[in-house]
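The structure under discussion appears below in the form of structure tokens.
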Amino acid sequence: MNRILIAEDEERIASFVAKGLRAEGFTPTVVADGQSALDHALAGEADLVVLDIGLPVMDGFAVLERLSAECPALPVIVLTARDSLTTTVAALEGGAADYMAKPFRFDELLARVRLRLRDQSEPAVLELTVGDVTLDLRRHRASLGDKVVELSAREMTLAEVLVRHRGQVLSREQLLSQVWGYDFDPGSNVVDVYVGYLRKKLGSDFVTTVRGAGYRVD
Ligand code: CA
């Protein structure tokens with residue numbers, strides 16, 4: 001689950017994305033036109049496609065149409081110019097694809113790639129329960145007993161990662177890379193701050209601090 005097809009005719013963007021993904025352990029392949037993108041994807045050689053809309057030979061919309069008909073489970077992240085974002089979003093409405101406006105930061109793309117590949121490998125779980133806390137992953141909210149608690153997207157992801165690894169200690173670095181999706185300044189206390197938010201909302205014993213090692217949910 002790490003083969004990423006990058007369909008992008010701007011060489012600068014394609015090589016920047018490919019380089020970044022390779023550094024994160026993915027296997028990227030770059031193609032510069034829509035027909036090649038389609039051929040590659042239909043041959044089953046990609047686990048995820050990063051697809052530019054403005055491509056020669058066949059544009060991204062046409063590629064997407066064929067892909068959603070022939071490989072509906074293949075995740076696609078569409079890249080589009082910011083000034084045509086509205087058109088793109090309208091065109092994608094109801095489809096499975098995610099989109100990003102150019103210019104984008106690599107870490108934003110990486111977070112989406114990871115999320116999409118994870119959705120792909122774990123499609124069935126919609127609710128996670130631990131003790132009297134339930135996370136509703138579809139509606140993005142939590143409940144504590146019979147009380148509904150609103151969590152921000154980041155708080156929800158942090159809670160989800162901790163609960164999916166219940167019983168295991170996760171270090172700050174592991175939580176940073178899984179929740180924030182990129183390398184934060186290791187001196188940052190963002191994880192501790194967000195654990196504090198979760199305790200305030202879900203009860204002080206929701207997360208255990210393991211001194212010198214990290215955090216754990218039991
Ligand atoms: Ca282009």
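Keep in mind it's a predicted model, so treat the numbers as computed, not measured. Read the numbers this way: they start at 1 and go in the same order the structure lists the ligands and their atoms.
Heavy atoms only, all atoms of each residue included: Arg112 and Tyr99 are closest at NH1-O, 2.7 Å.
Between the side chain of Arg141 and the backbone N or O of Asp136, no donor-acceptor pair lies under 3.5 Å.
Scanning for side-chain hydrogen bond (donor to acceptor under 3.5 Å, both in side chains) contacts around Lys102 gives Glu8, Glu10, Asp52, with sequence neighbours left out.
Once rounded to the nearest 0.5 Å, the distance linking NZ of Lys200 with CD of Glu155 reads 10.0 Å.
Cluster membership check: Leu42 shares its hydrophobic cluster with Leu51, using side-chain heavy-atom separations under 4.5 Å among Ile, Leu, Val, Met, Phe, Trp and Tyr. Under the 4.5 Å side-chain heavy-atom criterion for ILVMFWY residues, a single connected hydrophobic cluster contains both Leu170 and Val193.
The set of protein atoms (N, O or S) found at less than 3.0 Å from the Ca ion (ligand 1) reads Asp9 OD1, Asp52 OD2, Gly54 O, by chain and number.
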